[in-house]
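When a ligand or atom number is given, it counts from 1 through the structure's own listing order. Basis for what follows: all heavy atoms, side chains included, without hydrogens, waters or symmetry-related copies. In this text the structure is predicted, and so the values were computed from the model without any measurement.
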Amino acid sequence: MTGLSDSFQRPINYLRISVTDRCNLRCIYCMPAEGISRLSHNEVLHYEEILAVAQAAASLGISKLRLTGGEPLARAELISLVQMLSRIEGIDDIALTTNGVLLREYALPLKKAGLKRVNVSLDTLKRERFKRNARRDRLGEVIDGIAAAEEAGLEPVKVNMVVIRGINDDEVLDFARHTIEDGWHVRFIELMPFTSGESLQFVPTKEVKERLSSLGILEPIPSSQGDGPAKYYRFPGAKGTVGFISPLSEHFCFNCNRLRLTVDGKLRPCLLSDKEVDLKTPLRSGASLEELKVLIQQAVAAKPERHYLLEGMLPTVRSMCQVGG
Ligand code: SAM
Ligand code: SF4
């Protein structure tokens, strides 16, 4: 059991770190075509500052880290950050969420630096559609990146697909077939209504499951620690798994174990609430480890019981790529 728990007795042992707001893709549900107005170098936490936060968090009981963004592999010298984080006492798992474009180049060095696993976001297997939805022609690199991650032993590689009505929902069977034929671990995610300038519609998990039923009966896999919000299943005989993340149709806040560090140094206790605790100002005024620990505890104490998306309360201050999805 972790040393940190919130006001609702949820153990908190997981910190997601957004290392950049920049990206080499422009997914329609995440960023406008022109990108977002990017933070200057000085507004973004330096690696030493991220390290200080992670050390303080680890000393309170955080044991799992995930690097995200923006596109984390688009930030220079990410390997050195992974190396620094992997040496922190108490951190036993470091993972990465990436769009996969640069994985062929970085998978092996990341593994050597101490990264354990990667999740790759991939919303379509069709080149023209990828070009339209990610506004860049880079599907081939992503598919090759997934292979590179497997070869490097960054396993299990999980493929995350955000299912959007009329955009890619006709491909759920194709993704699911990869779990049977190629041992992929695919997770279907309900689109959350973050502001992206596009009007898009989510597809409820129940509907995705109905569509998959033509491939066979999905057998539930007992949940284990580290599954996070996903529920896992397997088609009979398949090597890979099918997961569902359903923030809208079945909210999973009751066992949320995470905190988020934004690219500009705010600790955010909930992805879907605008509440934040500033760490960058204290860090730059010379805060000690003990002072950082107090601020982290404040953020944990402010963690809301659940999100209120269905009641129409949306986070407004930031886009997903600044918080780190
Ligand atoms: N660039 C990396 C990537 O795409 O994996 C990391 C950052 S991205 C913001 C992290 C994850 O958030 C991706 O899997 C992406 O599909 C997901 N995401 C972004 N906007 C979303 C939204 N509105 N609803 C659900 N998931 C979203
Ligand atoms: Fe970039 Fe990831 Fe957002 Fe796509 S989802 S625009 S890859 S940050």
Side-chain angles (χ1 to χ4, degrees), residues 16-36 38-39 65-75 78 95-103 106 110 115 117-124 129-139 141-142 145-146 149 154 157-165 167-169 175 185-205 208 228-230 243-249 251-252 258 260-263 268 271-272 307 309 314-316 318-325:
R16 296 174 69 101
I17 302 171
S18 176
V19 297
T20 180
D21 56 349
R22 303 186 179 199
C23 190
N24 43 9
L25 299 182
R26 294 282 181 277
C27 303
I28 47 172
Y29 54 79
C30 181
M31 276 201 195
E34 65 281 10
I36 52 161
R38 301 187 312 198
L39 297 170
L65 301 177
R66 176 172 294 274
L67 305 180
T68 177
E71 174 47 40
L73 295 179
R75 181 153 175 188
L78 191 77
L96 175 81
T97 297
T98 171
N99 61 30
V101 169
L102 298 172
L103 261 182
Y106 288 116
L110 282 166
L115 193 81
R117 297 174 295 117
V118 290
N119 291 357
V120 180
S121 308
L122 176 61
D123 301 323
T124 177
R129 191 174 273 185
F130 187 99
K131 218 164 125 182
R132 202 164 52 241
N133 295 348
R135 302 191 181 99
R136 302 286 186 274
D137 186 10
R138 308 195 77 167
L139 175 62
E141 287 149 274
V142 179
I146 293 173
L154 289 169
V157 179
K158 292 180 187 160
V159 174
N160 288 341
M161 179 202 197
V162 177
V163 188
I164 311 172
R165 194 174 300 287
I167 300 282
N168 64 353
D169 54 336
F175 274 78
H185 299 280
V186 173
R187 306 194 305 173
F188 296 106
I189 303 177
E190 286 177 352
L191 176 78
M192 289 180 276
F194 266 75
T195 16
S196 69
E198 302 275 339
S199 159
L200 301 166
Q201 212 191 345
F202 86 106
V203 180
T205 289
V208 177
F244 298 96
I245 302 183
S246 322
L248 287 134
S249 67
H251 80 74
F252 37 68
R258 53 192 63 187
R260 290 181 157 82
L261 181 62
T262 66
V263 65
R268 196 166 162 117
L271 172 67
L272 297 165
H307 70 66
L309 280 184
L314 306 180
T316 51
R318 293 167 186 278
S319 63
M320 187 74 131
C321 53
Q322 291 172 316
V323 185

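Remark: side-chain polar atoms of Arg26 are not paired, donor with acceptor, to backbone N or O of Ala134 under 3.5 angstrom. Although no hydrogens or angles enter the test, the distance criterion places no donor-acceptor pair under 3.5 Å between the side chain of Arg75 and the main chain of Asp21. Of the possible polar contacts, one joining the Asn168 side chain to the Val162 backbone as a donor-acceptor pair under 3.5 Å is found.
For Gly70, the heavy-atom gap to ligand 1 drops under 4.0 angstrom. The shortest separation from a heavy atom of Gly70 to ligand 2 is under 4.0 Å, placing the residue in contact. Ligand 1 does not have Cys23 within reach: every non-hydrogen atom of the residue lies 4.0 Å or more from it.
Among Cys27, Gly69, Pro193, Gly100, the residue whose heavy atom lies closest to atom 8 (S) of ligand 1 is Gly69.
The CG atom of Leu39 lies 8.0 Å from the CZ atom of Arg22; values are rounded to the nearest 0.5 Å. With rounding to the nearest 0.5 angstrom, the CZ atom of Arg135 is 11.5 Å from the SG atom of Cys23.
Neither side chain, Glu71 nor Asn24, offers a donor N or O lying under 3.5 Å from an acceptor on the other.
The contact set between ligand 1 and Ser121, taken as ligand atoms under 4.0 Å from a residue heavy atom, comprises 3 (C), 4 (O), 5 (O), 13 (C), 14 (O). For ligand 1, the atoms closer than 4.0 angstrom to any heavy atom of Val162 are 16 (O), 26 (N). Residue contact check: Cys23 has heavy atoms under 4.0 Å from atoms 1 (Fe), 6 (S), 7 (S), 8 (S) of ligand 2. Those atoms of ligand 1 that come under 4.0 Å of a heavy atom in Thr97, given as number and element, are 2 (C), 5 (O), 6 (C), 10 (C).
In terms of polar-atom proximity, Met192 is counted as a contact of ligand 1, with an N or O under 3.5 Å from an N or O of the ligand. In terms of N/O distances under 3.5 Å, ligand 1 is not approached by Glu190. Backbone and side-chain nitrogen or oxygen atoms of Asn119 are examined, and none is located within less than 3.5 angstrom of a nitrogen or oxygen of ligand 1.
The residue Asp123 has no part lying near ligand 1, judged by heavy-atom distances below 4.0 Å. Counting heavy atoms closer than 4.0 Å to ligand 1, residue Thr68 contributes side-chain atoms (C-beta onward) but none from N, CA, C or O. The backbone and the side chain of Cys27 each have at least one atom closer than 4.0 Å to an atom of ligand 2 (non-hydrogen atoms only).
Nearest heavy atoms, Ala149 versus Val157: CB-CG2, 3.8 Å. Of all non-hydrogen atoms in Leu248 and Glu190, the two that sit nearest each other are N-OE1, 2.9 Å.
Counting heavy atoms from C-beta outward, Val203 and Phe188 have side chains that stay 4.5 Å or more apart.
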